[in-house]
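Everything below concerns the one structure shown next.
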Amino acid sequence: MSNRLFDSYFTQPAMRAIFSDHGRLQGMLDFEAALARAQASTGLIPAEVVAPIAGACQAELFDVDSLATAIASAGNSAIPLVKALGRQIASVSQDAERYVHLGATSQDVMDSGLVLQLRSAITLLEADLANLANALASQASLHCATPMAGRTWLQHATPVTLGMKIASSLGAITRHRQRLAELKPRLLVLQFGGASGTLAALGEQAMPIANALAEQLQLTLPEQPWHTQRDRVVEFGAALGLIAGSLGKLGRDISLLMQTEAAEVFEPSAPGKGGSSTMPHKRNPVGAAVLIGAATRVPGLLSTLFSAMPQEHERSLGLWHAEWETLPEICCLVSGSLKQALLVTGGLEVDAERMARNLDLTQGLVLAEAVSIVLAQRVGRDTAHHLLEQCCKRAVAEQRHLRAVLGDEPQVTAELSAAELDHLLDPAHYLGQAHTWVERAVAEHSALTA
């Protein structure tokens, strides 16, 4: 099934290429070439057979359609590939064909090939996350002091700043970058165990070959083969699930701020972007839709990885197979989400005037807490709270600004001057530590990037 219509929207070509048929084949073939070089370096096979074997390990030499047909009977992709590889080598050197895949098993080929793909995937993800973090840091700093309504339970709360809101996403991205860096040593390891994990077919040469093979592939040799211990790949999938969720949060907030009723922040505009097939006036959050879509789809895929963990004995039936398409799809979805997040974040359009107007929609009610806090220091907490509560109710009932109601209340004016009330009901003066949070998030990002 072709995905060309949707791939340009939901993923990015570089990630899809890593997990394409060509990418999968090349990962496995890289393992076979490295195995030959490792075995030759230890003297297990003649050095002269390495060139014919390595020369045949080029994905473009193989017929994908024929391999796909054969996989249906073989049960995995390595079996028909190794047979086809043998034929390819034999056409050049009958002697070299005898030494291909010596001592390895199908899962060694497939899992090590997958790890090589995941290494490329992480490189791409890390670059995109770093670029996104840079964009978020820039926007957070730019809008550090731009007041807007905080929203709790989708209702106006006390003021925050746009910079603070963006900095919260920056903090999440920084943590995700740290997570990827921390898990790489556990993930980027060789899978090499032979038929049942003992490497018995290689005798005393097993460990020297294993070490040489890991060195050839620039992977770590783990404490033992991990045929049915899937925590490494599931941990990676879980980290991607966290990234998808944080990007979904970003997309959700942007889409809500783009709503007609809010109209405070917009995705960057471009000809033909976000339009409707029937309504000329529409400006839809098409980038945010990808972020939310990926955050919705990835958890279900991740549940498959977790469900596939209790694998039987030394080689699993079906559970291992459930991973084959699942983890690549997670990678592609997260990659696409990152691509859209970069496009959206880098060109955010902000309407600070609309934010100011929206802050005043409740006619000062969002700053009732500010007045109550100061008044409590003079008349006591309970008295201040009750007084402000009554003033707020009166402001709503009379459709008046809270400032006007407070100015008419003798118990308030006896304690607070007109200048004090004006100050307390100015959103710019009730932003708390918003500036500090931005500075700290940006500093943490800068420390990781340095």
Inset, instruction - May I ask you to decide if the ring planes of Trp324 and His321 are parallel, tilted or perpendicular, using 30° and 60° as cut-offs? - result: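 Rings of Trp324 and His321: tilted, 30 to 60°.
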Inset, instruction - Mind running side chain to side chain contact (heavy atoms under 4.5 Å, CB included) on Val265 and Asp351 for me, showing each step along the way? - result: CA-CA 6 Å; Val265 176; Asp351 190 338; over 6 Å; no
[atom1] ([X]) with more than 12 external heavy atoms under 6.0 Å:
| X | atom1 | answer |
| --- | --- | --- |
| Arg252 | CZ | no |
| His385 | NE2 | no |
| His386 | NE2 | no |
| Glu215 | CD | no |
| Arg440 | CZ | no |
| Glu223 | CD | yes |
| Gln229 | CD | no |
| Glu353 | CD | no |

Between [X] and [Y], is there a side-chain N and carboxylate O pair less than 4.0 Å apart?
| X | Y | value |
| --- | --- | --- |
| Arg400 | Asp408 | yes |
| Asp422 | Arg403 | yes |
| Glu261 | Arg357 | no |
| Arg297 | Glu329 | yes |
| Glu264 | Lys165 | no |
| Arg37 | Glu32 | no |
| Arg177 | Glu126 | no |

Inset, instruction - Measure the shortest side-chain to side-chain distance between Leu187 and Ile122 over non-hydrogen atoms and say whether it is less than 4.5 angstrom. - result: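 The answer is yes; the side chains approach within 4.5 Å.
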[X] side chain vs [Y] backbone, donor-acceptor pair below 3.5 Å:
| X | Y | value |
| --- | --- | --- |
| Thr345 | Ala341 | yes |
| Gln107 | His227 | yes |
| Asp30 | Ala33 | no |
| Glu312 | Leu317 | yes |
| Thr228 | His313 | yes |

Inset, instruction - Check step by step if side chain to side chain donor-acceptor pair (under 3.5 Å) holds for Asn134 and His445. - result: CA-CA 8 Å; Asn134 287 333; His445 156 67; 3.0 Å; yes
Tell me the closest heavy-atom pair linking [X] and [Y], and the distance in Å.
| X | Y | answer |
| --- | --- | --- |
| Phe19 | Cys332 | CD1-SG, 4.5 Å |
| Gln139 | Gly346 | NE2-O, 3.8 Å |
| Glu420 | Glu415 | OE1-O, 3.8 Å |
| Arg232 | Pro222 | NH2-CB, 3.6 Å |

Just how far is it from atom [atom1] of [X] to atom [atom2] of [Y], taken to the nearest 0.5 Å?
| X | Y | atom1 | atom2 | answer |
| --- | --- | --- | --- | --- |
| Gln26 | Met28 | CD | CE | 10.0 Å |
| Phe266 | Leu257 | CZ | CG | 9.5 Å |
| Leu319 | Ser307 | CG | OG | 9.0 Å |

Inset, instruction - Any chance you could lay out the side chain to side chain donor-acceptor pair (under 3.5 Å) test for Thr158 and Glu369, step after step, and finish with the verdict? - result: CA-CA 8 Å; Thr158 56; Glu369 181 190 71; 4.8 Å; no
